[in-house]
*Asks:* 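The structure that follows is given in the form of structure tokens.
No experiment lies behind these values; they were computed from the predicted model shown.
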Amino acid sequence: MSTVISPVTEEVVATVPAASAEETDEALARAQAAFTTWRAVAPGDRARLLRRFATLVDEHIEELAQLEVSNSGHTIGNARWEAGNVRDVLAYYSAAPERLSGQQIPVSGGVAATFHEPLGVVGVIVPWNFPMPIAGWGFAPALAAGNTVVLKPAELTPLTAVRLAELGLDAGLPEGVFTVLPGKGSVVGERFVTHPAVRKICFTGSTEVGRRIMAGCAEQVKRLTLELGGKSANIVFADADLEKAAAAAPTGVFDNAGQDCCARSRLLVQRPVYDRFLGLLEQAVAAFRVTDPADESAEMGPLISAAQRTSVASYVDDAEVAFRGTAPDGKGFWYPPTVLLATSSEERHWREEIFGPVVSVLPFDDEDEAVRLANDTEYGLSGSIWTRDLGRALRVSRGVETGNLSVNSNSSVRYSTPFGGVKQSGLGRELGPDAAAAFTDVKTVFFSSE
Ligand code: NAD
């Protein structure tokens, strides 16, 4: 059993069984058995079941959102969006089964046809920062392509995933097609990697664990996507709409209390507007509302755990604080939004992923320097460019080594576009029109006309 603690009250909200290695093997055997029938379900019928699943999620948005508020301390506004994202991702990929057609290729002596064959059992391993969306990005396209799915939520945040699996069953998914197995990474997660029935791993989490999983998958040449850490740059040029950029910057980094792989945690501001921008940012940070996440007006809640708060604070202790927002006192793992001044690009808070509501600011002189500083990191997940110059937006977008960029916006994820990182931020892409096909292998069959 593991206990689930509310980050707001610090009280136990639930106890959840933690699967053992034997229970994991049993679940994998059931998923493997279910694959034989699930892959044979006609594409139109699989699509119908996924649409029904989406409808049930839609009917339970409020329940799922409230569960996430109490388990993870997400603001109620964010939690509703996250549950809605699961619905939308299911609806989007419900169209995939009927679109997964192959090719017919005339060749010498006959014709060749290609088929998208499902892989088998897919293991999805989810972190604690976005329990619902990240689960959905894995399980929806995998199921659509005819795979069965075993999913391990993070130890700290299992509740919404467990509920989603129940809704899947209620929607009519056959037993064993979608299984949620709460438990430890070192037990359940590792078994997904080592068990030969699991043919693909979708891992989202830290770069450190991702590396280890990649090495494990190599043993069986297991397919793999990795969505890992980030230290994304938010680049503000002097010609930008500074009011708009400053107003958007707090959400770009403090959303979900900064526990966001896409957080724009390095703020690069062109020197001529540096002071003015910081003035505008100070007002925006002061107005950023950190309060009980169940409150409809909350823009930020607490951190996930006491350990996370200690880790975040360790980056601030010896840094130069420009200014901070406010956070409640008393119970709860609160930490105020904090703006740090970087004196060089070598400081620890500038280089490492903090995963908390902390942003570091550094001035730059010209376009080349901005691109060089943005790329001076092992990560490459997300980022933003603020400018009114279209040519510059294009040049800098092409120059910054990252998987996802926004121009004059801090948004990162859309279910209809590919999402993922470069360098040590990940491998492969999730979401977008090709995601279901990524859960298949292409088989080529030659038909002789002789
Ligand atoms: P983590 O790596 O500690 O854990 C992630 C998941 O992996 C958990 O479910 C955990 O139980 C499991 N796990 C741990 N050890 C394992 C092992 N040996 N084998 C198999 N599974 C194992 O990460 P976290 O602390 O939960 O999440 C924070 C990290 O996730 C941050 O670095 C963040 O940037 C990253 N993240 C990335 C994305 C993205 O899309 N790129 C999205 C969200 C979070």
Side-chain angles (χ1 to χ4, degrees), residues 78 127 129-130 204-208 227-236 245-269 274 277-278 281-282 284-285 288 290 299-300 303-304 308-309 311-325 327 335-364 370-386 400-406 409-413 421-426:
N78 278 10
N129 64 329
F130 286 112
T204 307
S206 60
T207 300
E208 188 189 345
E227 299 288 0
L228 308 175
K231 189 72 184 175
S232 298
N234 187 0
I235 308 173
V236 182
T251 310
V253 61
F254 303 143
D255 191 45
N256 205 29
Q259 304 164 121
D260 181 339
C261 51
C262 292
R264 274 73 172 159
S265 53
R266 292 184 301 150
L267 189 44
L268 287 158
V269 185
Y274 181 77
F277 184 84
L278 279 192
L281 182 64
E282 186 166 7
V285 171
F288 203 70
V290 184
E299 291 177 284
M300 187 182 122
L303 291 164
I304 190 69
Q308 188 66 12
R309 182 168 58 185
S311 163
V312 170
S314 76
Y315 287 91
V316 177
D317 289 344
D318 52 359
E320 190 182 344
V321 176
F323 44 85
R324 312 181 92 155
Y335 199 83
T338 300
V339 179
L340 302 180
L341 299 180
T343 49
S344 84
S345 59
E346 295 309 314
E347 282 172 287
R348 190 170 151 252
H349 64 82
W350 180 263
R351 301 207 71 81
E352 293 181 18
E353 183 181 47
I354 299 176
F355 229 52
V358 179
V359 63
S360 310
V361 194
L362 192 65
F364 67 90
V371 172
R372 185 177 57 70
L373 285 167
N375 289 342
D376 181 20
T377 171
E378 69 201 31
Y379 295 116
L381 186 58
S382 202
S384 297
I385 299 157
W386 294 83
V400 174
E401 298 159 359
T402 189
N404 310 270
L405 268 169
S406 301
S409 153
N410 288 329
S411 68
S412 300
V413 181
V422 303
K423 300 200 281 189
Q424 293 190 36
S425 283

*Asks:* Of all residues at least two apart in sequence or in a different chain, which pass the side-chain hydrogen bond (donor to acceptor under 3.5 Å, both in side chains) check with Asn375?
*Replies:*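 By the side-chain hydrogen bond (donor to acceptor under 3.5 Å, both in side chains) rule, Asn375 matches no residue at all.
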*Asks:* Side chain to side chain contact (heavy atoms under 4.5 Å, CB included) with Ala233: which residues, sequence neighbours excluded?
*Replies:* Ile235, Arg266, Leu268, Ala374
*Asks:* Go through the structure and list residues passing side-chain hydrogen bond (donor to acceptor under 3.5 Å, both in side chains) with Asn129, not counting sequence neighbours.
*Replies:*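 Scan of Asn129 (side-chain hydrogen bond (donor to acceptor under 3.5 Å, both in side chains), adjacent residues dropped) gives none.
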*Asks:* Among residues at least two apart in sequence or on other chains, which ones pass ring-ring contact (aromatic ring centres under 6.0 Å, His included) with Phe355?
*Replies:* Trp128
*Asks:* Rounded to the nearest 0.5 Å, how far apart are CD of Glu352 and OG of Ser314?
*Replies:* 8.5 Å
*Asks:* Pair Asn410, Trp386 - check side chain to side chain contact (heavy atoms under 4.5 Å, CB included), show working.
*Replies:* CA-CA 9 Å; Asn410 288 329; Trp386 294 83; 3.4 Å; yes
*Asks:* Looking only at atom types and distance, does a side-chain atom of Ser406 sit under 3.5 Å from a main-chain N or O of Ser411, one as donor and one as acceptor?
*Replies:*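 Yes; judged by distance alone, with no hydrogens or angles, the pair exists.
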*Asks:* Would you say that Leu278 contacts Val361 through its side chain, given a criterion of any heavy-atom pair below 4.5 Å between the two side chains?
*Replies:*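 Touching, per the 4.5 Å side-chain cut-off.
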*Asks:* Side-chain contact, heavy-atom cut-off 4.5 Å: Leu281 with Leu267?
*Replies:*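 SC-SC contact between Leu281 and Leu267 confirmed.
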*Asks:* Return yes if some donor-acceptor pair links the side-chain N/O of Gln259 with the main-chain N/O of Asn256 below 3.5 Å, else return no.
*Replies:*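 Answer holds: yes.
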*Asks:* Applying ring-ring contact (aromatic ring centres under 6.0 Å, His included), can you list everything that pairs with Phe364, at least two apart in sequence or on another chain?
*Replies:*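 If we apply the ring-ring contact (aromatic ring centres under 6.0 Å, His included) test to Phe364, skipping adjacent residues, the hits are Phe237.
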*Asks:* Report the residues that fulfil side-chain hydrogen bond (donor to acceptor under 3.5 Å, both in side chains) with Ser206, sequence neighbours left out, ordered by chain and then residue number.
*Replies:*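 By the side-chain hydrogen bond (donor to acceptor under 3.5 Å, both in side chains) rule, Ser206 matches no residue at all.
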*Asks:* So, using side chain to side chain contact (heavy atoms under 4.5 Å, CB included) as the criterion, who are the partners of Ala247 when residues are at least two apart?
*Replies:*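 Here no residue qualifies.
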*Asks:* Taking the side chain as C-beta and beyond, is there a heavy-atom pair between Leu340 and Val359 under 4.5 Å?
*Replies:*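 Side-chain contact under 4.5 Å: no.
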*Asks:* Heavy atoms only: give me the nearest Cys261-Leu381 pair and the separation to one decimal.
*Replies:* O-CD2, 3.4 Å
*Asks:* Should Val413 and Phe130 count as side-chain neighbours, where that means a heavy-atom distance under 4.5 Å?
*Replies:*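 No, too far: nothing below the 4.5 Å cut-off.
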*Asks:* Identify, with sequence neighbours excluded, every residue that meets salt bridge (Lys or Arg N to Asp or Glu O under 4.0 Å) alongside Glu320.
*Replies:*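 Applying salt bridge (Lys or Arg N to Asp or Glu O under 4.0 Å) to Glu320 gives none.
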*Asks:* Can a donor-acceptor pair be found, under 3.5 Å and without considering hydrogens, that links the side chain of Ser232 to the backbone of Gly230?
*Replies:* no
*Asks:* Using every non-hydrogen atom in the two residues, find where Thr207 and Gly229 come nearest and quote the distance to one decimal.
*Replies:*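 Taking every non-hydrogen atom into account, OG1-N, 3.3 Å.
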*Asks:* Do the side chain of Asn234 and the main chain of Gly252 share a donor and acceptor less than 3.5 angstrom apart?
*Replies:* no
*Asks:* Given side chain to side chain donor-acceptor pair (under 3.5 Å), test Tyr379 with Glu353 step by step and report yes or no.
*Replies:* CA-CA 9 Å; Tyr379 295 116; Glu353 183 181 47; 4.6 Å; no
*Asks:* Indicate yes or no for a side-chain donor-acceptor contact from Thr402 to the backbone of Gly383 under 3.5 Å, with no hydrogens or angles considered.
*Replies:*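 It does not hold such a pair.
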*Asks:* At what distance, to the nearest 0.5 angstrom, does CD of Gln424 lie from NZ of Lys231?
*Replies:* 15.0 Å
*Asks:* Between atom OG1 of Thr251 and atom CE of Met300, what is the distance when rounded to the nearest 0.5 Å?
*Replies:* 11.5 Å
*Asks:* Can you name the side-chain hydrogen bond (donor to acceptor under 3.5 Å, both in side chains) partners of Ser382, sequence neighbours left out?
*Replies:*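 In terms of side-chain hydrogen bond (donor to acceptor under 3.5 Å, both in side chains), with neighbours along the sequence ignored, Ser382 is linked to Arg264, Ser412.
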*Asks:* Drop me the distance from Thr338's OG1 to Ile354's CD1, to the nearest 0.5 angstrom.
*Replies:*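 Thr338 OG1 to Ile354 CD1: 9.5 Å, rounded to 0.5 Å.
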*Asks:* Can you find a pair of side-chain heavy atoms, one from Tyr315 and one from Val358, that are under 4.5 Å apart?
*Replies:* no
*Asks:* Mind checking side chain to side chain contact (heavy atoms under 4.5 Å, CB included) for Arg309 and listing every partner two or more places apart, or none if nothing turns up?
*Replies:* Leu303, Phe333, Tyr335
*Asks:* Which heavy-atom pair separates Ala342 from Leu362 by the least distance, and what is that distance?
*Replies:*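 Taking Ala342 first and Leu362 second, the nearest heavy atoms are O-CD1, 3.3 Å.
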*Asks:* So how far is it from Leu228 CG to Ser425 OG, rounded to the nearest 0.5 Å?
*Replies:* 7.0 Å
*Asks:* Can you name the salt bridge (Lys or Arg N to Asp or Glu O under 4.0 Å) partners of Glu282, sequence neighbours left out?
*Replies:*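 Once residues adjacent in sequence are excluded, Glu282 has no partner under the salt bridge (Lys or Arg N to Asp or Glu O under 4.0 Å) criterion.
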*Asks:* So, using ring-ring contact (aromatic ring centres under 6.0 Å, His included) as the criterion, who are the partners of Phe288 when residues are at least two apart?
*Replies:*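 Expected list: Phe254.
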*Asks:* Could you grab the distance from atom CH2 of Trp350 to atom OG1 of Thr343, nearest 0.5 Å is fine?
*Replies:* 11.0 Å
*Asks:* Counting N and O atoms only, with roles assigned by atom type, does the side chain of Glu227 sit under 3.5 Å from a partner on the main chain of Gly426, one being a donor and the other an acceptor?
*Replies:*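 Not a single qualifying donor-acceptor pair exists.
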*Asks:* Between Arg351 and Asp376, is a salt bridge (charged side-chain N to carboxylate O under 4.0 Å, His left out) present by the stated rule, with each step listed?
*Replies:* CA-CA 9 Å; Arg351 301 207 71 81; Asp376 181 20; 3.1 Å; yes
*Asks:* Given Arg324 and Val316, is the side chain to side chain contact (heavy atoms under 4.5 Å, CB included) satisfied, shown in steps?
*Replies:* CA-CA 11 Å; Arg324 312 181 92 155; Val316 177; 3.9 Å; yes
*Asks:* On a heavy-atom basis, which atom in Val253 and which in Ser265 lie closest, and how many Å separate them?
*Replies:* CG2-CA, 3.7 Å
